[in-house]
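First the structure, in the form of structure tokens, and then the observations on it.
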Amino acid sequence: MTDEPYAEIWEGGLRNDLREVIFDAKTIESKVVEIGQRITKDYADKDPLMLGILKGSYPFLADLTRAVNLPLTVDFMAVSSYGAGTKSSGVVRILKDLDRSIEGRHVIIVEDIIDTGLTLHYLRQTLRGRKPASVEIAALLDKKAVRKGKELEDMGARYVGFECPDEFVVGYGLDYKGRYRNMPFIGVLRPEIYS
Ligand code: 5GP
């Protein structure tokens with residue numbers, strides 16, 4: 001583990017609820033900077049709208065936007081696909097919509113994790129109907145192994161941080177019953193926490 005500056009804060013406590021850490025803070029930081037540099041290059045003459053999907057994307061969005069050297073703007077949407085459990089229901093509800101029109105804008109959806117892909121599939125379809133100039137996806141984690149149905153197999157996310165094992169993970173925005181979002185690393189919960 002190399003998650004100093006946070007090392008002392010996270011000794012003991014909530015971290016003991018993890019079976020293992022899969023991505024430590026330093027590893028996440030380098031990957032986010034790398035994605036930021038790619039976005040800076042790809043959108044060189046544009047002012048993208050970086051759209052954070054609440055609540056899980058907030059650390060990723062904050063870190064990623066600080067790694068993009070462009071005159072971008074930020075907006076948020078909140079959707080719900082999970083309820084309080086650990087399995088995707090396939091039902092996506094918009095809980096909070098965008099503040100402004102995205103017509104003619106280059107939108108980058110910033111999401112914590114692609115699991116079944118249902119949330120992003122639905123969101124992208126919805127946003128495309130609002131006449132943006134383009135819609136791309138930046139996801140920190142991708143659980144490729146669990147995609148349901150052919151059309152969802154490849155979500156076509158332009159920016160993906162890491163491939164994620166088929167486990168329920170928490171930290172760096174990802175929660176279990178609202179908790180663990182503030183951990184600067186990502187790990188697998190001990191099964192006894194949710195069983
Ligand atoms: P999808 O629609 O792709 O199945 O689910 C996407 C959403 O489900 C994510 O934005 C996230 O909120 C939640 N999710 C999927 N997998 C995990 C996981 O392993 N851990 C946590 N905490 N949330 C997950």
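Start at 1 and go down the list; that is how both ligands and their atoms are numbered.
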Atoms of ligand 1 less than 4.0 Å from [X] heavy atoms?
X      : answer
Asp115 : 1 (P), 3 (O), 4 (O), 5 (O), 15 (C), 16 (N)
Asp175 : 21 (C), 22 (N)
Leu174 : 21 (C), 22 (N), 23 (N)
Thr119 : 1 (P), 2 (O), 5 (O), 6 (C)
Leu118 : 2 (O), 3 (O)
Glu167 : 19 (O)

Does Tyr176 reach ligand 1 with a nitrogen or oxygen that is under 3.5 Å from one of the ligand's nitrogen or oxygen atoms? no
Do any nitrogen or oxygen atoms of Val170 come within less than 3.5 Å of a nitrogen or oxygen of ligand 1? no
Do Arg130 and Asp97 sit within salt-bridge range, that is, some charged N less than 4.0 Å from a carboxylate O? yes
Cationic N near anionic O, under 4.0 Å, Glu167 to Arg19: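 Counted as a salt bridge, because a side-chain N and a carboxylate O are separated by less than 4.0 Å.
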State plainly whether one hydrophobic cluster holds both Val110 and Val160, where clusters connect Ile, Leu, Val, Met, Phe, Trp and Tyr through side-chain heavy atoms under 4.5 angstrom apart.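 No, it is not one cluster - the side chains of Val110 and Val160 are not joined through contacts under 4.5 Å.
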Taking only residues at least two apart or on different chains, which pairs with a member in residues 178-187 satisfy salt bridge (charged side-chain N to carboxylate O under 4.0 Å, His left out)? Asp175-Arg181
For Gly56 and ligand 1, answer yes if some heavy atom of the residue is under 4.0 Å from a ligand atom, otherwise no.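 Per 4.0 Å heavy-atom rule, Gly56 does not contact ligand 1.
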Can you tell which of Ile113, Asn182, Asp63 makes a side chain to side chain contact (heavy atoms under 4.5 Å, CB included) with Tyr172?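 Considering Ile113, Asn182, Asp63, a side chain to side chain contact (heavy atoms under 4.5 Å, CB included) with Tyr172 is found only for Asp63.
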Whether the side chain of Arg158 engages the backbone of Val135 through a donor-acceptor N/O pair (distance < 3.5 Å, no angle test) should be reported.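 Between the backbone of Val135 and the side chain of Arg158 there is no qualifying donor-acceptor contact (under 3.5 Å).
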Please enumerate all residues that pass side chain to side chain contact (heavy atoms under 4.5 Å, CB included) together with Ala62, with sequence neighbours excluded. Arg66
Select the closest option to atom 21 (C) of ligand 1 among Ile186, Val169, Val92, judged by heavy-atom distance. Val169
Can you check which of Lys177, Arg181, Lys143, Arg179 brings a heavy atom nearest to atom 19 (O) of ligand 1?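 Checking each option, the heavy atom nearest atom 19 (O) of ligand 1 is found in Lys143.
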Would Lys96 count as a cation-pi partner of Phe76, with NZ or CZ less than 6.0 Å from the six-membered ring centre and within 45° of the ring normal? no
Any side-chain heavy atom of Val79 sitting closer than 4.5 Å to one from Leu54?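 The answer is no; the side chains never approach within 4.5 Å.
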Is it the side chain, the backbone, both or neither of Glu111 that has a heavy atom closer than 4.0 Å to ligand 1? side chain
Residue part near ligand 1, for Leu120, under 4.0 Å between non-hydrogen atoms: neither
